[in-house]
Peer 1: 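Below you will find the structure I want to go over with you.
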Amino acid sequence: MNDNYFILLSAVYLGLLLGLFVAISVGPVIFAVIKYSIGMGWKAGLSFIIGVSISDIMYVFLANKAGNILSELLSHERMIGYIGASLFIGIGLYGLFKKIKVTRNKNDMAQVSVKDYWKILASGFLMNTLNPGAILTWITAVAAIATMSSTYRFVFFASCLSLILSLDLLKVFLAQTIRKKLTPRNIVLLNRLSALALVIIGIVLLLKSALNIHLGSF
């Protein structure tokens, strides 16, 4: 019993370490969270991270149940890189050149339609799904604990995904807190800077794909 307890405890510990690494990595997700949360309010940021979380859960499921599918996807890493880079650049350019009007109500909420929230959720799902680094991360994680029991793997990934989601929620909360202290002009400026960061990340990913450089984790 004690041995099992310590084994599962190690699963929690390692899962949290991986979750921390993924959550604090500087990549397109963090800039998109800032962009949506500051520019459109916390509900927009929440919609985005829900999309990202759905993508992560899908990849973890596929890596555990159908690892050959992800391995096949990774064999097309260059093509996925091109598609992902195009998405990052497209979202970034849209944010750069779209006319932004900061509108608030008494709760400091931007006026955003339900349709827009669904679009933001879809962009979060696609941005994470088309990131080659995400595929590589989950394949590597599954391979590292492939010999462990199903219970161990469940605890490991549950801990990992829970921490990622918690820290993403914290990013939304912090961005919204900052938003309340900003003038509309500064909100627009930060939104533009986050969009520019997405364009730059997209260009880097495009160059890596074109030069056939191993993409690693973004």
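Computed from a predicted structure; not experimentally measured.
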Peer 1: Looking at side-chain heavy atoms only, is the closest gap between Leu169 and Trp42 below 4.5 Å?
Peer 2: no

Peer 1: Looking only at atom types and distance, does a side-chain atom of Arg153 sit under 3.5 Å from a main-chain N or O of Val142, one as donor and one as acceptor?
Peer 2: no

Peer 1: Rounded at 0.5 Å granularity, tell me how far OG in Ser123 sits from CG in Asn128.
Peer 2: 11.0 Å

Peer 1: If I compare all heavy atoms of Val155 with all of Ala11, which pair ends up nearest, and what's the gap?
Peer 2: CG1-CB, 3.9 Å

Peer 1: What are the two closest non-hydrogen atoms of Ser37 and Ala175, and how far apart are they?
Peer 2: CB-CB, 3.5 Å

Peer 1: Do Leu167 and Leu20 touch side chain to side chain, with heavy atoms closer than 4.5 Å?
Peer 2: yes

Peer 1: Give, for atom CZ of Phe156 and atom CG of Leu161, the distance between the pair rounded to the nearest 0.5 Å.
Peer 2: 9.5 Å

Peer 1: Counting N and O atoms only, with roles assigned by atom type, does the side chain of Lys171 sit under 3.5 Å from a partner on the main chain of Ala23, one being a donor and the other an acceptor?
Peer 2: yes

Peer 1: About how many Å separate NZ of Lys35 and CD1 of Ile38, when rounded to the nearest 0.5 Å?
Peer 2: 11.5 Å

Peer 1: Could you state the interatomic distance from OH (Tyr13) to CG (Leu18), rounded to the nearest 0.5 Å?
Peer 2: 12.5 Å

Peer 1: What do you reckon, is CZ of Phe154 surrounded by more than 12 foreign heavy atoms closer than 6.0 Å?
Peer 2: no

Peer 1: Any chance you could measure Met148, atom CE, to Ser10, atom OG, to the nearest 0.5 Å?
Peer 2: 6.0 Å

Peer 1: Could you tell me whether a side-chain N or O of Tyr59 sits under 3.5 Å from a main-chain N or O of Thr129, the two making a donor and an acceptor?
Peer 2: yes

Peer 1: Does a side-chain heavy-atom distance below 4.5 Å link Trp138 with Cys160?
Peer 2: yes

Peer 1: Of all heavy-atom pairs between Leu93 and Val199, which one has the smallest distance, and what is that distance?
Peer 2: N-CG2, 3.6 Å

Peer 1: Is there a side-chain contact (heavy atoms from CB on, under 4.5 Å) between Ile50 and Leu165? Walk through the geometry before answering.
Peer 2: CA-CA 8 Å; Ile50 288 175; Leu165 180 58; 5.9 Å; no

Peer 1: Give the minimum heavy-atom separation between Ala158 and Ser162, together with the two atoms involved.
Peer 2: O-OG, 2.6 Å

Peer 1: Of all heavy-atom pairs between Ala44 and Ile120, which one has the smallest distance, and what is that distance?
Peer 2: O-CG2, 3.3 Å

Peer 1: To the nearest 0.5 angstrom, please state how far the CZ atom of Phe173 sits from the CG atom of Leu46.
Peer 2: 13.5 Å

Peer 1: Do you know which two heavy atoms are closest between Ile49 and Val33, and how far apart they sit?
Peer 2: CG2-CG2, 3.7 Å

